[in-house]
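Structure first, then comments.
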2 protein chains.
Amino acid sequence: MARRPESQEPAQELDARKAAILEAVVTEHIDTAQPVGSSSVASSERVGVSPATVRSEMVALEREGFLSQPHTSAGRIPTDRGYRYFVDHLRSGTLGPTQQHTVREFFDTVHGEIEDVLEQTSTLLSRLTQYTSVIVGPSHTHATVRSVQLVDLGPRRVLVVAVLSDGAVEKRTLDLDHDASVADVADASAQLNGLLVGTSLDQRVEVPSRAGVVAELIRAATGALFDEAPILDGDQLFIGGSSRVADAFETVDTVRSVLGILEQELVVVSLLRDIIDSGLSVSIGSEHGIEPLSACAVVVAPVSIDGVPAGAVGLLGPTRMNYPEALLTAQAVSEQLAQRFGGEDSRRA
Amino acid sequence: MARRPESQEPAQELDARKAAILEAVVTEHIDTAQPVGSSSVASSERVGVSPATVRSEMVALEREGFLSQPHTSAGRIPTDRGYRYFVDHLRSGTLGPTQQHTVREFFDTVHGEIEDVLEQTSTLLSRLTQYTSVIVGPSHTHATVRSVQLVDLGPRRVLVVAVLSDGAVEKRTLDLDHDASVADVADASAQLNGLLVGTSLDQRVEVPSRAGVVAELIRAATGALFDEAPILDGDQLFIGGSSRVADAFETVDTVRSVLGILEQELVVVSLLRDIIDSGLSVSIGSEHGIEPLSACAVVVAPVSIDGVPAGAVGLLGPTRMNYPEALLTAQAVSEQLAQRFGGEDSRRA
DNA sequence: TGTTGGCACTCAATTCTACTGAGTGCCAAC
DNA sequence: GTTGGCACTCAGTAGAATTGAGTGCCAACA
């Protein structure tokens, strides 16, 4: 895991001209996907020198690890480090008006449960940016139980439904060994409520070890709820526009390996978490240490609901992705999500 | 939609030798992905003639639309029609013992709610076959309500939770205009139960148009449940091993367009339904009429729970996919699913 | 001292040609 | 009807020649 806290490895500063040249190379390469030559850089606005001068500077930038050359007679392409410098020194801009409008309109019209909204948001993000989007929903592990109910489903089948304080619903089917009467189920349901309301799904619960059908029901229900919850649920991941992966890369092999990673929810979720935890918003190429993603960059914006970290919004593209736009889009969407699912204050605002 | 009911267009029969040659070409091409030449076919077991004879037969098979030639001096590859003949005349075999064992073991150990099981089953299918798997879960539209409950979530927020007879749980968040007391919520909850239990989510419900907080709650809850249900939910789709798409095709373009279709749940679900409805279990190339999937074949096995159609298990691969194995695997898995979620009789068996 | 134009050089990409060989279609003989 | 023989086709490969974008270096210049 290549965390890169600024404090330990101070971002090496480049003089203004080198910085301008690097920026020109990065933007041009992001645009054309081709190696960038000295003359093209020299003709850029913010670089006021001749190609010859640019060349000598490029040699220096290459020596310092910001640029590389596919082969001797080719232009330069940015290295991961070059992109890193670029994003670390981005002048913050604003999202284009069209995109702003699309985002606003989307959040004005979208409705439904949080899962549905996140699902659709992931599609929005991918449509806006042309990259694959990745959204991690809030984790339920710290929510507390608001209500538990047993519902009779048929012979020897009972469903436990638990509503959590954050509005999530957990359900478990119980297959019983003995018949349970309607009264038994109601009784157990009431007792479960008293027992579990207020607890959180990751804590242990003391179940009185009495005998009898009702006690049996209670034990089965708590067991099902508390033992299976953290394993299967964990975090919810929504991926939008996975077909964009095929746009981002030229070889089927790369596409395959990136898709392969996207299939592993756990890996993706912890990747996003790692990036956020290390205080960054972008992870480039080999920085994140996931080999199959070494041709990818990931842009992340954390989503905080009422000040509490509650998920993240991410975009996955090639290292030569459009960082400024991706960052702004992710941030805009993350803010909207925070507002939408925040407390009264922000919701009524 | 290219339905192809046998009755209308009787499958053209080929004489034994032609059939053997076609079969040899298909199996060889599935194996090697290369055009198959006459000598390779002639050396096959079930074809006892010389390459020259094979060639003249191939000319006939090409004229009849079963084979095609990439270019003059190449071997033959099967057309969609060639594959169709092949699958329509498959001698039914049995699944390999290893696969049988894997399937059995999987269903012995997997546990959890139906969604979790289907999700994991899709991964299993894709791992077994190396193709992308597609599983459609049972539709809830005809299930009836078993229980409705309102849960207070905080200021002016109430959650409606409905449990359906098939064990599905629907939830809707209500944002209220006025405060509702705990008693109000409980009252409304009780009345809702009386009102809704037994109805199915796709039928209209008469709500008495009284005034007051409780009546308001009831109206909001029924509105949320019944109006938004069919739109968002529909059917559940589980896709496993989408990275396999990148294994199946050579060009990034094909991969992109196939992935693009897989993102459209509605298209995929109705494709599977169409295939099943027309009484087939395989759809090849352009048969299904979805242009971006014209390089694909889809193998489907319906899942019936207690005799009622309740979803489907599908495999998506290139037209040169291993039909026998794919069919057997899909069928085996479909049977296991039916058994797992079937009524008492089959479950206790 | 830093900048610049000039110039020889490099090397991927492109084009062209020649060649190879897998596989065909046709036909005369069996 | 089947077969071996044979001329033919044409994608694919390899090699040679060409092109040109872009470099590194250097001498001249401000």
B:I77 CD1 - C:dA22 C1' separation (whole Å): 16 Å

Heavy-atom closest contact (B:D31 atom, B:R320 atom, distance): O-NH2, 4.4 Å

Under 3.5 Å donor-acceptor, B:S122 side chain and B:V134 backbone: no

Contact pattern, 5' to 3', of nucleotides 11-30 of chain D - B, S or - by protein heavy atom under 4.0 Å: S---------BSBBB-----

Parallel, tilted or perpendicular: ring planes of A:Y85 versus A:F66, cut at 30 and 60 degrees: perpendicular

A:Q69 side-chain N/O to A:I77 backbone N/O, donor-acceptor pair under 3.5 Å: no

B:S50 vs D:dT2: side-chain N/O to OP1/OP2 distance below 4.0 Å: no

Sole residue of A:R256, A:Q264, A:E263 in side-chain hydrogen bond (donor to acceptor under 3.5 Å, both in side chains) with B:S243: A:E263

Test item: B:E62 side-chain N/O and B:S68 main-chain N/O as donor-acceptor pair under 3.5 Å: no

DNA chain C stem ranges, 3 or more consecutive Watson-Crick or G-U pairs under 3.5 angstrom: C:1-30 with D:1-30

Electrostatic pair B:R84-B:D88, nearest N-O below 4.0 angstrom: yes

Residue pair A:R244 / A:T132, side-chain donor-acceptor N/O under 3.5 Å: no

Gap between atoms CD and P, on B:E28 and C:dA22 respectively (whole Å): 15 Å

